[in-house]
Amino acid sequence: PAIRVDMSELDWLFSTCVAPVLSQLQDWMEQCTKIYDQTCSDTSSQPHEWFVLKSKDVDNLTGVVVLRGDMIAKATVKIGRGSSRSAKQEVRHEMNIQTPCYISQLQETMSNVKAALRIIQARRSHLVDIHDAVEVVRLVLSYVKKAHTCLIVPPDDLKQWLEMKSRVSFKPQLPVNELISFVINGSKLVLSCYTLAAVSSSPQKELRRNTVEMGSQLFEVSQQHSVDCHVPWVNHILNILPMALASCQQLLHKISLTSS
């Protein structure tokens with residue numbers, strides 16, 4: 001009977017395909033964790049890696065930072081201000097190392113990677129049947145998807161950068177009408193500087209994406225400049241996650257075809 005054939009094929013998938021896939025997924029999640037943990041090291045044997053953020057199209061913003069895991073441990077940001085080249089003044093802002101900046105995307109990425117790894121480690125050797133395996137692979141897939149999305153979809157919430165400004169101090173302080181952000185976009189670390197201008201507001205007016213409230217005053221972005229640099233270890237993780245996604249999806253597809 002067809003049902004018996006299907007069950008036989010599902011049993012075959014369970015006995016021959018599930019274990020190798022979960023083993024490979026565990027290896028990939030462990031690789032991501034190891035890569036990340038190595039960048040968090042703060043020992044003399046692990047020298048700081050300085051990243052220079054710049055762009056040939058932007059001449060009034062540069063940054064030099066130390067990225068240690070999800071933390072920008074040191075940062076120097078140079079901002080050119082002035083309406084004309086002759087009147088432009090470049091100011092160097094040093095981040096206070098007592099108030100480091102944390103990149104939430106990297107925190108969330110690794111939180112999801114480690115969640116996927118914990119599920120595999122806890123369930124891999126206790127699977128009963130193909131239905132059990134499907135549940136585990138779907139859970140792993142959901143966490144890997146979230147981890148991947150964190151790296152490729154940078155936040156653009158001005159309120160978040162305003163809150164960051166209240167936590168992270170620079171010397172000299174940034175002007176009241178300026179915000180800066182550090183985000184990950186793919187394999188790049190991106191530094192952006194936003195210049196804000198006051199706008200009139202009304203009770204009926206909704207906040208747009210490029211506006212933010214400070215006190216009772218509404219501000220909108222009048223200028224934005226961005227510079228970036230390639231981060232090799234983020235790129236390494238970004239290369240692993242799609243392979244893990246594809247592996248989960250292929251196994252689930254095989255099981256779905258066999259079950260239909």
Listed partners of Glu30 passing salt bridge (Lys or Arg N to Asp or Glu O under 4.0 Å), at least two apart
none

Distance-only side-chain donor-acceptor flag, Asp27 / Gln31, under 3.5 Å
yes

Apply side chain to side chain contact (heavy atoms under 4.5 Å, CB included) to residues Asp157 and Val212 and explain how you reach the verdict.
CA-CA 9 Å; Asp157 183 6; Val212 66; over 6 Å; no

Nearest 0.5 Å, what's the CG-CD distance between Leu245 and Gln250?
11.0 Å

Side chains of Gln249 and Leu141 in contact at under 4.5 Å (non-hydrogen atoms):
yes

Let me know which of Thr195, Asn60, Val91, Leu61 forms a side-chain contact (heavy atoms from CB on, under 4.5 Å) with Ile79.
Leu61

Run the side chain to side chain contact (heavy atoms under 4.5 Å, CB included) test on Leu189 and Val183 for me, step by step, so that the C-alpha distance in whole Å, both residues' side-chain angles and the decisive distance to 0.1 Å come before the verdict.
CA-CA 6 Å; Leu189 174 63; Val183 301; over 6 Å; no

Are Val234 and Val66 grouped together when hydrophobic residues (ILVMFWY) are joined by side-chain heavy atoms under 4.5 angstrom apart?
no

Full working for side chain to side chain contact (heavy atoms under 4.5 Å, CB included) between Lys74 and Trp50:
CA-CA 9 Å; Lys74 298 179 182 179; Trp50 291 88; 3.8 Å; yes

Phe182 vs Val77 side-chain heavy atoms within contact, under 4.5 Å:
yes

Ignoring hydrogens and geometry, is there a side-chain-to-backbone donor-acceptor pair from Lys165 to Glu178 under 3.5 Å?
yes

Can you check whether Met243's main-chain N or O pairs, donor with acceptor, with Ser247's side chain at less than 3.5 Å?
no

Mind checking the CD-CG spacing from Glu49 to Leu67? Nearest 0.5 Å is all I need.
8.5 Å

I'd like to know whether NZ of Lys54 has more than 12 heavy-atom contacts from other residues, nucleotides or ligands below 6.0 angstrom.
no

Between atom CD1 of Ile237 and atom CD1 of Ile35, what is the distance when rounded to the nearest 0.5 Å?
5.0 Å

Check Thr39 against Tyr36 and note the closest heavy-atom contact, atom names and distance.
OG1-O, 2.6 Å

Minimum-distance pair of heavy atoms, taken over all atoms of Val144 and Ala116:
CG2-CB, 4.3 Å

Here the pair of heavy atoms bringing Leu191 nearest to Gly63 is CD2-CA, 3.9 Å

Any heavy-atom pair between the side chains of Tyr143 and Ile120 that's under 4.5 Å?
no

Can you get from Met164 to Ile72 by hopping between Ile, Leu, Val, Met, Phe, Trp and Tyr side chains that sit under 4.5 Å apart?
yes

Sub-4.5 Å side-chain heavy-atom contact between Val227 and Val52:
no

Taking all atoms of both residues into account, what is the closest heavy-atom pair of Leu53 and Cys229, and its distance?
CG-SG, 3.9 Å

Is the shortest side-chain heavy-atom distance between Thr109 and Lys146 below 4.5 Å?
no

Strictly by side-chain hydrogen bond (donor to acceptor under 3.5 Å, both in side chains), give each pair with a member in residues 228-244 just once, sequence neighbours left out.
Ser187-His230

Return yes if some donor-acceptor pair links the side-chain N/O of Thr99 with the main-chain N/O of Val168 below 3.5 Å, else return no.
no

Give a yes or no on this: more than 12 heavy atoms of other residues, nucleotides or ligands lie within 6.0 Å of atom CD1 of Ile97.
no

Can a donor-acceptor pair be found, under 3.5 Å and without considering hydrogens, that links the side chain of Thr149 to the backbone of Lys145?
yes

To the nearest 0.5 Å, how far apart are NZ in Lys254 and CD1 in Ile130?
11.0 Å

Test of understanding: clusters of I, L, V, M, F, W, Y form through side-chain heavy atoms closer than 4.5 Å, transitively. Do Trp28 and Leu139 belong to the same one?
yes

If hydrophobic clusters are built from ILVMFWY residues whose side chains come within less than 4.5 Å, do Ile103 and Phe170 share one?
yes

When rounded to the nearest 0.5 angstrom, what is the spacing between CG in Asn96 and NZ in Lys171?
9.0 Å

Tell me, do Val190 and Ile184 make a side-chain contact under 4.5 Å, heavy atoms counted?
no

If you take all heavy atoms of Ser192 and Gln224, which pair is closest and at what distance?
OG-NE2, 4.0 Å

Where the side chain of Gln105 meets the backbone of Cys150, is there a donor-acceptor pair that is under 3.5 Å apart?
yes

Can you tell me how far apart CG (Leu179) and CG (Leu158) are? Round to the nearest 0.5 Å.
6.5 Å

Counting only N and O atoms by type, is there a donor-acceptor contact under 3.5 Å from the side chain of Ser23 to the main-chain atoms of Ala19?
no

Glu90 and Arg92 ion-paired at < 4.0 Å
no

Can you find a pair of side-chain heavy atoms, one from Met95 and one from Ser169, that are under 4.5 Å apart?
no

Residues in side chain to side chain contact (heavy atoms under 4.5 Å, CB included) contact with Ala133, at least two apart in sequence or another chain:
Phe14, Val18, Leu127

Closest non-hydrogen atoms of Cys248 and Val140, given as atom of the first, atom of the second and distance, are SG-CG1, 4.1 Å

Kindly indicate whether the side chain of Val58, heavy atoms from C-beta on, has any atom under 4.5 Å from the side chain of Ser226.
no

